[in-house]
Protein chains: 2
Amino acid sequence: MNLKQLSHMLSLSQTTVSRALNGYPEVSEETRRRVMDAAKRHGYRPNPSARRLATGKSGMIGYVLPTGNAVDIDPHFVEFLSGLGDYARAHELDLVLSPADADDEETTYRRIVANRQVDAVYVSSPRPADRRLALVNTLGIPFIVHGRSEGFDFDYPYLDIDNEGAFHEAARLLLQLGHKRLALINGNERETFAIHRERGMRRALAANGLTLGERHIRSVAMTEENGYRAARRLLEENEPPTAIVCSSLIMALGVVRAVRDLGLTIPGDLSLVAHDDVFPWLRPENFPVPLSTTRSSIRLAGARVAERLAARISGLEEGARGEVWPVDLVVRGSVAGAPS
Amino acid sequence: MNLKQLSHMLSLSQTTVSRALNGYPEVSEETRRRVMDAAKRHGYRPNPSARRLATGKSGMIGYVLPTGNAVDIDPHFVEFLSGLGDYARAHELDLVLSPADADDEETTYRRIVANRQVDAVYVSSPRPADRRLALVNTLGIPFIVHGRSEGFDFDYPYLDIDNEGAFHEAARLLLQLGHKRLALINGNERETFAIHRERGMRRALAANGLTLGERHIRSVAMTEENGYRAARRLLEENEPPTAIVCSSLIMALGVVRAVRDLGLTIPGDLSLVAHDDVFPWLRPENFPVPLSTTRSSIRLAGARVAERLAARISGLEEGARGEVWPVDLVVRGSVAGAPS
DNA sequence: CAAATCAGCCAAAGCGCTTTGGAAGCCTCT
DNA sequence: AGAGGCTTCCAAAGCGCTTTGGCTGATTTG
């Protein structure tokens, strides 16, 4: 059932039917009703390919997926996706994943924009002065950044959580408990979120006249193994930290294992706080010692990004609005006063 | 730069240029070379929307993503996706995720097929007599199932691992070590993979004149918490199992925690084997006691599914070919002889 | 009362590609 | 020399939508 057939049944022109369906004003209310009715009854659905060719709009949002042998998509992605899907489902938006060589995403961005394959894109895990942002900004496709970049002379729309504030609060709590030697096990130091977290922690320390020594900060990919290694290195030093803040629950698993291996205890010998993106399959309250966390649901962020993308596509949202979500600090058993 | 302009520059018809580019025989080699050359030089890329409208082919593969508030996409998905991306990138295939209400995926399947949005789809986590299979089979779109279903009167193309064989081997090993009371912590019992695993284990037990009691099998969603709860229930019984086989590494985390909480040890009091889908962020060799596993890379499966989908789209693969991958049994420190 | 306005509809021209149904030119064969 | 067969190209008809530029008849305006 296509437009031609439908308009023929109604003894109307394709023009009128099309306009009736798309809510244009130059069609009488009665006619519109007739058309809408017939369309529903016959299950008419405009062919998206044809519509796309005519309008250039695809009804899909895009994401350039970095891939490669050495590239692992991390599990945060799937939670974000869940949220995105929650919103997209309700609005019949589809998501297009365009796999790209992790070393050359630019070509792929250019392709999907030139081909008008998607109406908008989102960019995630940005770095300072991330070239992808500059690119999508000049390409002129609606976009939203999940996270933030820095060092640009233009503004851009984003959704981020207050990573600096979160880690500032976490560190402040530990300091109040009397800890003097804090350490940070961070994510990839080239990503902005990691920079912000470090900054928040340094700020808290500075306020107490302390600093974060070079040796007390580790930046690694967020795996259990890396968490373990980082923790061992830290804890086997001369003056080991009495508190660790850690950028992910998965790394925290490794930290807990290291602590055990060394015959230490949490929170007796070490206080631990980790960031929790709220995975359904791994919860901080179920750690051997319930884990204190800075918590922010990445899934909710996904839904919000989808919502804003939809708004930008339809012109409801404009400009470079940035949105920063506060982060909860949830205190559980893994923190205690500094050992004397 | 579109076809019209290009053909104009070359003083050729659009027909000829199109045919030259698409490798049709009715064009002289010299002309083809000229055309190819000019196309490359001017960076001509056919507009996919137009091509799609004309041919009905989209160059994309589809996946219907079940969503909903109570629905969690599990982290296996992202690993599978990585593999799929690895292949798709090299072949300029895009992936379309169509979020659907988890209770009604059918509507979405019908939509993407009717709209010709994708050239092929894959279906994952099938259940016995899964309606999605019957649907895509009758809808006539090329597809591949990741996993298997059962109870149909038709065959279908799939890629699966030998879940039954894997768990049979795992159980056999434990039996050889003298264990008599085995337990299974399985995934959702309604999915075929879980059924196969249970079957494999029962077969090994039966060969030794043993059975898997109702109380010694748990089927739950694969989270750390569920692993913990299942293990506690099992281990707090009168005659607790001396060995557990577990369907995922994430649940195994919970099992390990339960064992610790109860003051037991691995492998002294309990031998443990788990299935490992090969996550980069959580490795069995890094468990407190290195974990024995049945191992199969879900990422490689993703790449293979993409490859076969591409083959089916281009007509290179036909029929209902099923492919079953063997699973490695990797023995590490978490298994030992049964306690006396 | 003629002119101007307006609501409501339509025919046709795109969008950029593929594919059908020739046609021209050149050989070969009888 | 004419018929038949290749090779190589082309014009034009789609694919199914949106949108431009009218056209008609009824209503308002000066």
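Note that the coordinates shown come from a computational prediction; the quantities given were computed from them, not determined experimentally. Each chain gets a letter, A, B and so on, in the order the sequences are listed, and its residues count up from 1.
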Original post:
Is A:Ser98 reaching over with its side chain to a backbone N or O of B:Asp94, donor-acceptor style, under 3.5 angstrom?
Top reply: no

Among [options], which nucleotide sits nearest the side chain of [X]?
X       : options                : value
A:Thr55 : D:dT18, C:dC10, C:dG16 : D:dT18
B:Leu3  : C:dT18, C:dT20, D:dC17 : C:dT18
B:Ser18 : C:dT19, D:dT8, D:dC17  : C:dT19
B:Gln14 : D:dC17, C:dT18, C:dC9  : C:dT18
B:Tyr24 : D:dC17, C:dT19, D:dC9  : C:dT19
A:Thr15 : C:dC9, C:dT18, C:dC10  : C:dC10
B:Asn47 : C:dT19, C:dG16, D:dT19 : C:dG16

Ignoring hydrogens and geometry beyond distance, is a side-chain donor-acceptor pair present between [X] and [Y] at under 3.5 Å?
X        : Y        : value
B:Ser13  : B:Thr16  : yes
A:Thr192 : A:Arg148 : no
A:Thr31  : A:Ser28  : yes

Original post:
So which one's nearest nucleotide on DNA chain C is more toward 5', A:Ala54 or A:Ser13?
Top reply: A:Ser13

Subject >> Interatomic distance where CZ belongs to A:Arg45 and C1' belongs to D:dG16 [whole Å] >> reply: 15 Å

